[in-house]
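Taking it in order: structure first as structure tokens, then the write-up.
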Amino acid sequence: MSVFLNILKSIVFGIVQGVTEWLPISSTGHLILLEKFMPLNVFGADAAANTAFWDMYKVVIQFGSIIAVLLLYWHKLWPFEKGYSEKRKRSILRLWIKIIVATVPAAIVGFFLDDWIDTKMSTPVVIAIALIAYGIAFIFLEKREHQYEVTEIRQISYKKALEVGAFQCLALIPGTSRSGSTILGATILKFDRPTAAEFSFYMAIPVMFGASLLKIVKMFAKGVVMSGAAWLVLLVGMFVSFIVSVAVIKYLMAYIRKHDFTVFGKYRIALGILVLVLAIFKVL
């Protein structure tokens, strides 16, 4: 019964992850808040093992979302497709170099601050403040006059890629949102919305892969051995996040061609205020 209940919880987590990873509203923030009401207890009464598993789960579940990006953008990301010209192959390889360049800042900061962020920053108050602050930023940026300099992926320079990567460091704070940070940064750097969102998707691939690997290694380093039930719970969450991510990515790209990010800014502010109120009254 306990395994079945945890699988049901993992399905819910997978849905939330798949929806919130690509919208600029913070997937990690939503998962942390949801876990307060619906904790995973795959190791029964072993609190330390459950904590280690959750620290790993909330990151590795994102791997399903990575697969969704690879599936949807395979033709733009795989340089060795049969029939591609040498020019197109070189263009895709240059894109991957830019993606790696954009990943470097967050990889360095995350490697050194990962444990500190988990223990000190994963709190409802921090999440609420980040939600509200970024919500205000999105609304403010959408009210200004837009002058786009980057309207296609191929126009992204190595310098621009590194600058967007610097903004991604802010996403290490729960509640900010990885996609929110990179899209916000790209918007400030005069990317149009579709290009900002698409490059944000690409940047997620090495970031999520590296973060997932780091979390798994750290969990095993703590002496936690994954049972068959624990693997099942994790894989179910990843699979659901993959399915939902495919739909959400398609929706978001269609949405932002006709709309701006104001609605997401308003949602962030409303959720942030709710979380702050619940934290003040110690419900969270």
For Ser241 and Ile61, indicate whether the former's side chain and the latter's backbone hold a donor-acceptor pair under 3.5 Å.
yes
Is the distance between the ring centroids of Tyr255 and Phe264 under 6.0 Å?
yes
Kindly write out the residues that satisfy side-chain contact (heavy atoms from CB on, under 4.5 Å) with Lys58, not counting sequence neighbours, or none if the list is empty.
Leu31, Ile32, Trp54, Asp55, Asp118, Ser122
Within a radius of less than 6.0 Å around CZ of Phe111, do more than 12 heavy atoms belonging to other residues, nucleotides or ligands occur?
no
N/O donor-acceptor pair under 3.5 Å between Lys160 side chain and Leu189 backbone
yes
Partners passing side-chain contact (heavy atoms from CB on, under 4.5 Å) against Ile99 (at least two apart in sequence or in another chain):
Leu77, Leu95, Trp96, Thr103, Phe199, Tyr202, Pro206
Cluster overlap Val236 with Tyr57, hydrophobic side-chain contacts below 4.5 Å:
yes
Do Ser245 and Glu21 meet the criterion of a side-chain donor-acceptor pair at a distance under 3.5 Å?
no
Looking at Arg193 and Ile183, would you say the former's side chain and the latter's main chain have a donor-acceptor pair under 3.5 Å?
no
For Leu170, is there any backbone N or O sitting under 3.5 Å from a side-chain donor or acceptor partner on Thr176?
yes
Are any side-chain N or O atoms of Asn50 and backbone N or O atoms of Phe43, one a donor and one an acceptor, separated by less than 3.5 Å?
yes
For the side chain of Ser26 and the backbone of Gly175, is there at least one donor-acceptor N/O pair under 3.5 Å apart?
yes
Before accepting this row, confirm whether a basic side-chain N of the pair Lys76/Glu81 lies closer than 4.0 Å to the acidic partner's carboxylate O.
no
Could you tell me whether the side chain of Arg268 and the main chain of Ala130 form a donor-acceptor pair under 3.5 Å?
yes
side-chain contact (heavy atoms from CB on, under 4.5 Å) partners for Ala133, two or more places apart
none
Taking side-chain contact (heavy atoms from CB on, under 4.5 Å) as the test, write out the residues that go with Phe281, two or more places apart.
Val277, Val283
Taking only residues two or more places apart in sequence or in another chain, which ones pass side chain to side chain donor-acceptor pair (under 3.5 Å) with Thr182?
Ser200
Partner residues of Thr151 under the side chain to side chain donor-acceptor pair (under 3.5 Å) criterion, sequence neighbours left out:
Gln155
